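Take a look at the structure below.
Model, not experiment: these values are computed from the prediction. So that the names make sense, note that chain A is the first sequence line, chain B the second, and so on, each numbered from 1.
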Number of protein chains: 2
Amino acid sequence: MSSDELFGAVSHPLRIEIVKALAERPLRFADLKRKLRISSSGLLDFHLKKLDDLITTNEEGCYSLSGRGFAALTTVESAARYYRLRSAQKRSFLLNLVVVTLGNIITLWVASQQNNYALWYAAVLPVTLAWMIFYSYWTIVKRRIRLWQ
Amino acid sequence: MSSDELFGAVSHPLRIEIVKALAERPLRFADLKRKLRISSSGLLDFHLKKLDDLITTNEEGCYSLSGRGFAALTTVESAARYYRLRSAQKRSFLLNLVVVTLGNIITLWVASQQNNYALWYAAVLPVTLAWMIFYSYWTIVKRRIRLWQ
DNA sequence: TTCAGTTGTCAACAAATATTGACCTTCAAG
DNA sequence: CTTGAAGGTCAATATTTGTTGACAACTGAA
């Protein structure tokens, strides 16, 4: 099953509903009709046939998701969660930046109390700086996450 | 844009090709025609219009992916390998752990050269420890990412 | 000026998809 | 035996999608 076939299979609201319903638990024909508020048997039949690769029936006539069906479900959910995920990655980066900056400020303050900045110069600053440069490259260039706008 | 609209947009092989081509670099109308071996302008026009939400054009007439377009691309790729994202998050955590640990080791080594551990005790250790505890909680509990097995 | 290439739009049609409603069989309860 | 529900199939039709080919405005080079 190629990508476009998978997308074709779940490119109708009713079929997405069917996949989600069957992910919860296996259902029979009439159960599905009731659950999705479909009045026409023909309509459900049509969409079930479109989902052929994604569902299986057991010996009792219950429909459930096949392996491909669960893969499709993951894809559907990842599409829905995508923006949340990216904004989480963005938050992760900004939080890291705040922690590193605060860490440097605290370290510098403690160093100033002792009038000994060598440790900050030699260790804390280079390590945190190198980390943030790498993390920035990874976030902005590799993941293409826009931190502004 | 709902899930089924996103899937509808990329449920045709040619449109998947277009999204992949534009992910590489922005292209103009004729460039796309040549690259995808399309003879009819009308055909390309039809599919570009279907991809309306996923692409933008700049002032020079170049088509490129919009934010949603990159989201769609990620979905297409996740359909093929949907677990890669989680393994990236796992790598991110482990890398952070290595960096923090190395940072502490380097800081400790520099401190030992000066025989002054106060800075490490008072600043570096508490900050990095607090960060890793929070990050662990977030990764393991919230994201449910399994670092072992 | 002409010619080729770019960048499309549009009408027409073919093909696929979505929906409805009629119809069928089986089975169990009243 | 009748009734009604389950579990569908099928034909007809409406709507959308996909494709072709004609056309047109603009641009730059010969």
What residues 22-34 of chain A contributes to the DNA chain C interface at heavy-atom separation below 4.0 Å is none
Could you tell me the boundaries of the chain A footprint on DNA chain D, defined by atoms under 4.0 Å from its heavy atoms? D:dA6 to D:dC10
Residue set satisfying side-chain contact (heavy atoms from CB on, under 4.5 Å) with B:Ala21, at least two apart, ordered chain then number -> B:Leu27, B:Leu32, B:Lys35
Does B:Lys33, at its NZ atom, have more than 12 non-hydrogen atoms belonging to other residues, nucleotides or ligands within less than 6.0 Å? yes
Nearest heavy atoms of A:Leu6 and A:Ala72, plus distance in Å: CD1-CB, 3.5 Å
May I have the distance from B:Tyr63 (atom OH) to C:dT6 (atom P), rounded to whole angstrom? 14 Å
If the threshold is 4.0 Å, N to carboxylate O, is there a salt bridge linking A:Asp31 and A:Arg28? yes
5' precedence on DNA chain C between A:Leu14 and B:Gly61 (nearest-nucleotide basis): B:Gly61
When A:Leu102, A:Leu108, A:Val100, A:Ile106 are each screened for side-chain contact (heavy atoms from CB on, under 4.5 Å) with A:Asn104, the one that passes is A:Val100
Exam field: side chain B:Ser66 to backbone B:Asp53, donor-acceptor pair closer than 3.5 Å: yes
Can you say whether the rings of B:Tyr135 and B:Phe93 are parallel (under 30°), tilted (30 to 60°) or perpendicular (over 60°)? perpendicular
Which residues pass the side-chain contact (heavy atoms from CB on, under 4.5 Å) test with B:Leu95, sequence neighbours left out? A:Trp131, A:Phe134
All heavy atoms of B:Met132 vs all of B:Leu97, minimum pair found to be CE-CD1, 3.6 Å
Atom pair distance, as rounded to whole Å: CD1 in A:Ile18 and P in C:dA18: 11 Å
Output all residues satisfying side-chain contact (heavy atoms from CB on, under 4.5 Å) with A:Asp4, sequence neighbours left out; order by chain, then residue number. A:Ser2, B:Pro13, B:Ile16
Could you check which residues of residues 42-57 of chain B get a heavy atom under 4.0 Å from DNA chain D? Sort them by number, please. B:Gly42, B:Leu43, B:Phe46, B:His47, B:Lys50
